**Q** 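Would you mind keeping the following structure in view while I ask a few things?
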Amino acid sequence: MSKLKKVPLAIWGFLASIGGFFAEFGRAFAKGDIFVKLSVIWWGAGYIRRKQYVKGLIMTALEVAIILFSVLFAPQYVSKFGTLGTVQYSTHLDPTTFQMVPNDYDNSFLILLLSLMSFVVWAFALVVLLKNVINVYNLQKRAESGAHVNTFIEDVKTYLDSKFHITLLTLPVIGIVVFTVIPILLLIFVAFTNYDQNHMPPNQLFQWVGFANFKSLFSSGLTSTFSYAFGRILGWTLVWAFFATFTTYFGGILMSLLLNSKKTVVPKLWRLLLVITIAVPQFVSLLLVRYFFANDGIVNTICENIGLTALLRDWGVINTTFIPFLSAPIWAHVTIIIINIWIGVPYQMLIATGILMNLPSDQLESARIDGANKFQVFRYITMPYMFQVTAPTLVTDFVKNINNFNVIFLLTDGVYTTTNTKLAASFAKETDLLITWLFNLTQNYYNYKMAAVIGIMVFLICAVFTLIAFNFLISGDKEGVYN
Amino acid sequence: MKKFLVILLCLAMVLSLAACGGNGDNKTPGGNENTPGGNENTPGGNENTPGGNENPGNNDTPAGPNPPAHDGPVKLMVWGAEEDQDLLKTLIDEFKAQYPDFTFDITIGVESEATAKDTVLTDPEAAADVYAFANDQIDALVKAGALMNLSETAAQALPVFSGKNLDDVVAANGEGSIVACTRNNSLYALPFGGGNNYFLFYDSSVISAEQAGSWEAMLDAAQAAGKKVGMVFASGWYNAGFFLGAGFSVALQDDGSTKIDWNGTSAQGVKGTDVVKAMQTIASHPAFMAVPDNGLSNAIAGGNLAAVIDGTWDAGACRDLWGDGYAATKLPTFKAGDKDIQMGCFSGFKLMAVNQYTKEAGWAIALAEYLTNESSQVARFNARQLPPSNKVAAADPAVTENIAAAASAEQDVYGYEQSVGDTYWDPCATFGEQIVQGKMATDDAGIQQVLDDLVATIGTPVA
């Protein structure tokens, strides 16, 4: 339990640092001279006073740009953010030019997107404003204490030298904000609207619906089956992630031990063959394997010819003329996990080989001297060491497998039809992960709102797992302690 | 130097973030064509009376093409199936030759007719001005407002741009095809191909024409020869044929749900439970092969089929498989209760759409009309064996003698308009799959419950 307390501690620390930032601003504002106080309105004021003219000019230009943006561009979208547009699209044909003339319509999606970008720009502007005042105050303190105030050239030099990390991080941070953070925020917003096939811009508007989508995700009934589907799919997602991670993990270790064993002939050949399976793209190999195991595929033909199908039918295990490797619920689940072993083991084997090379050999020697057999060595020395080293990657792999879209989609798309009416009513299948269900909703049914809600759920699940798991693992007091 | 390399590395990382942003290119413009300098633009506009067009609303006496003058080339984008690219190039060249006073900049892109809806709905404003699509997508496109309402616009534009009358164009095509283009009493697309329904292909050396008339005889004949009869049960498009033939109905409602009456008794007096029992009998026959949806070409290539329920698109594959024994006819009958019921089907058509958001409305309408007129449909049949929807073209001996096209037309007599919502497909696929896997009850009460659930599920609007 004490380890769980570390989670709120970490969050508290993060909040405390934000609070410190604001506190620093307050101090700077209160204790600064008139130019510091002026810097809140005119960002360049403080720099001009300290003769850093170029910097003052840059800050003023930035401020003007943001003000122009706020006045010219943002209002037309942000003003409609509350309603997400009220004017519906309509158009008519102009009889003289024969062009379609639309009215001045609102595009709900554009309003949402551009309002979000305005918010991000304004948040950025606020941070710049606060940091600016802090900087100018520090500058004032330096000037008053007689220390040298940098000229512009000297400032640029520090950005190439002592502050080089800031220079390097600027572009990637901008990239991440624009291409990752903004889309994620946008999709979180979409989860609170009714953006679906009946409300598609530009022709139709969509509105805010609050938590209605979350409610329908967790409601149940014959016809509204989203909560039923969500529960089942969540269960399978976790089961799949667990099995996929651990089967490939142990498979990789065992395979690597096998290949390293002195009794194996031509280990390099086996290793090469295994690595080739990594080289072949999953798209190619999995699509082919899907057709191998299809109802009328090669594996079924072989099974029929050797009499396996008839045997299973006599035992009552199946009641069709084929073995439903990828088309019946439990069969498909097991087949997918087994096929994933083939996909994942080579990669894990490579990692395990690298780690096992670093196994402290003195431990192995002393164990052998003490008369431990191979199994005991494996259980009491090798495995604890492996766990110690790879525990963080195990967590990462688990979270990655929660979102392992390729294997599930490529193996079941088009081959697997569910026989569960309630799942079918929510456009789901028994073999779906949350992410493939989300894909089906978006791609085939344009049900963006439910897809966004499911996406938020996936994020929450992954975040919770990662936080808890990492806190259990990074306790730092297990180094070098063996049974 | 080191710092320079580091900066370069960071730039590369950021730029690669940008590259993995978008969705790649949905539209694969495989066959782009720009023909700018093809025509002359006589300065001074048209040779017609300057200063005005003919009365555009005058539908009684179309006075020959008289499009208004245009600044610069007319830019249009057309999407067609990959097999159609050469044909489209030829047709568009002919179209341009009809207007020697104008320059055109017409790009042709590749877009499968079966997936046009997905590409268009991703961003309707960026979609092509004219594109081909299959009629099952029309409901979604109309709901999203991606299709231009041709009843209003083409009635004005066609006489001016191509000297034709919209009423004449509509009357020239078969009635079923026009019904497929009409929603809310307005025309939203122009038809150019029929024969997108399904019927029976069979090997006449294994199954006689008479046996091909009924499921029971056909399955027995196939079993005797050690072959199978294939049909997709796990799709609401195919398995509805049993119910449609028995007189049941499928109708899209305003709220996006679909109303079916399969759990009752049809207008012909057939009970839904009897239809399901017939389907179960067929599915449990040893000679029946349940084909997964989209798995028909695989099944045909497997070589084990003596008959298959499929459409004109697989005519070539069937002909290759059976050689001289290749034959096609309408769907067989099945026994429900004590009656022999002819299977129905959904009528399928290929339609040409005009984008609501096009920047050249008049020209787009004229081009769409040209690509779907009688001569274009004949050309398309010669190139692709696509049965025309135009009445005159469809009566041509070349069409009536084509085995697949003839069978398609023969089955279309029992065809029904396809108008269904989103909630129809997955539950119906599950319904068919339950029958195939034997997971459905076999007693009347159990089947009735399944049908009631199906009707309720499909009849609910999407959450």
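This is a predicted model, so every value here is computed, not measured. A note on names: the letters A, B, ... follow the listed sequences, proteins ahead of strands, and every chain is numbered from 1.
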**Q** Quick one: sort the A:F98 and B:F161 rings into parallel, tilted or perpendicular, breaks at 30° and 60°.
**A** perpendicular

**Q** Can you tell me how far apart CD (B:E125) and CG (A:N107) are? Round to the nearest 0.5 Å.
**A**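 If I round to the nearest 0.5 Å, the distance is 6.5 Å.
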
**Q** Is A:D161 in contact with chain B via its backbone, its side chain, both, or neither, using a 4.5 Å heavy-atom distance?
**A**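 It is both, since atoms from each part get that close.
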
**Q** Could you measure the distance from the OG1 atom of B:T153 to the CG atom of A:D94? Nearest 0.5 Å is fine.
**A** 12.5 Å

**Q** Whether the B:D422 and A:Y446 side chains hold a donor-acceptor pair (N or O, under 3.5 Å, no angle test) is what I'd like checked.
**A**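 There is no such pair (donor and acceptor under 3.5 Å, judged by atom type) between the side chains of B:D422 and A:Y446.
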
**Q** Tell me the closest heavy-atom pair linking A:P95 and B:Q156, and the distance in Å.
**A** CB-OE1, 3.8 Å

**Q** Given a strict heavy-atom distance threshold of 4.5 Å, which part of B:A146 is in contact with chain A: side chain, backbone, both, or neither?
**A** neither

**Q** For B:L121, is it the side chain, the backbone, both, or neither that has a heavy atom closer than 4.5 Å to a heavy atom of chain A?
**A** both

**Q** Measure distances from A:Y416 to the heavy atoms of chain B and classify the residue's part below 4.5 Å as side chain, backbone, both or neither.
**A**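 Neither part.
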
**Q** Would you mind checking which part of B:P427 comes under 4.5 Å of any heavy atom in chain A, side chain (CB onward), backbone (N, CA, C, O), both or neither?
**A**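 Interface part for B:P427: both.
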
**Q** Taking atom CD1 of A:I298 as the centre, report whether more than 12 heavy atoms of other residues, nucleotides or ligands fall under 6.0 Å from it.
**A** no

**Q** Taking the side chain as everything from C-beta on, heavy atoms only, tell me whether B:M289 gets closer than 4.5 Å to A:N295.
**A**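 When only atoms from C-beta onward are counted, A:N295 and B:M289 do not touch, as no gap falls below 4.5 Å.
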
**Q** Going through the distances and angles, do A:T419 and B:M440 end up as a side chain to side chain contact (heavy atoms under 4.5 Å, CB included)?
**A** CA-CA 9 Å; A:T419 49; B:M440 194 181 284; over 6 Å; no

**Q** Would you name the heavy atoms of B:D426 and A:Y445 that are closest together and state the gap between them?
**A** OD1-OH, 3.1 Å

**Q** Of all residues at least two apart in sequence or in a different chain, which pass the salt bridge (charged side-chain N to carboxylate O under 4.0 Å, His left out) check with B:E433?
**A** none

**Q** Shorter than 4.5 Å, heavy atoms on both sides: which option in A:Q443, A:H92, A:M200, A:M100 has the most such pairs with chain B?
**A**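 Most pairs with chain B among the choices: A:M100.
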
**Q** Could you pull out every donor-acceptor pair under 3.5 Å between side chains of residues 162-171 of chain A and any protein atom, sequence neighbours left out?
**A**
from   : atom 1 : to     : atom 2 : distance (Å)
A:T167 : OG1    : A:Y159 : O      : 2.5
A:T170 : OG1    : A:I166 : O      : 2.7
A:T170 : OG1    : A:T167 : O      : 3.3

**Q** If every non-hydrogen atom of A:Q197 is compared with every non-hydrogen atom of B:K143, which pair is closest and at what distance?
**A** OE1-NZ, 4.0 Å

**Q** With a 4.5 angstrom heavy-atom cut-off, could you sort out which part of B:V450 is near chain A: side chain, backbone, both or neither?
**A**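 Contact with chain A involves no heavy atom of B:V450 at all.
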
**Q** Apply the test side chain to side chain contact (heavy atoms under 4.5 Å, CB included) to residues A:Y291 and B:N298: give CA-CA distance (whole Å), side-chain angles for both, the deciding distance (0.1 Å), then the verdict.
**A** CA-CA 9 Å; A:Y291 285 120; B:N298 267 352; 3.1 Å; yes

**Q** Can you tell me how far the CG atom of A:L93 sits from the CG atom of B:L150, to the nearest 0.5 Å?
**A** 10.5 Å

**Q** Does CG belonging to B:D254 count more than 12 external heavy atoms closer than 6.0 Å?
**A** no

**Q** If you compare all heavy atoms of A:A425 against all heavy atoms of B:T457, which two are closest, and at what distance to 0.1 Å?
**A**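 Answer, listing the atom of A:A425 first, then B:T457: CB-CG2, 3.1 Å.
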
**Q** I'd like to verify something: which residue of B:K439, B:K359, B:E152, B:Q437 has the highest number of heavy-atom pairs under 4.5 Å with chain A?
**A**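 The candidate making the most pairs under 4.5 Å is B:Q437.
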
**Q** Quick one: pull up CD in A:Q99 and OG1 in B:T358 and give me the separation to the nearest 0.5 Å.
**A**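 Reported to 0.5 Å precision, the distance equals 7.5 Å.
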
**Q** Does any heavy atom of chain B fall under 4.5 Å from the side chain of A:N420, the backbone, both, or neither of them?
**A** backbone

**Q** Which atoms form the tightest heavy-atom contact between A:T417 and B:T430, and what is the distance?
**A** CG2-N, 4.2 Å

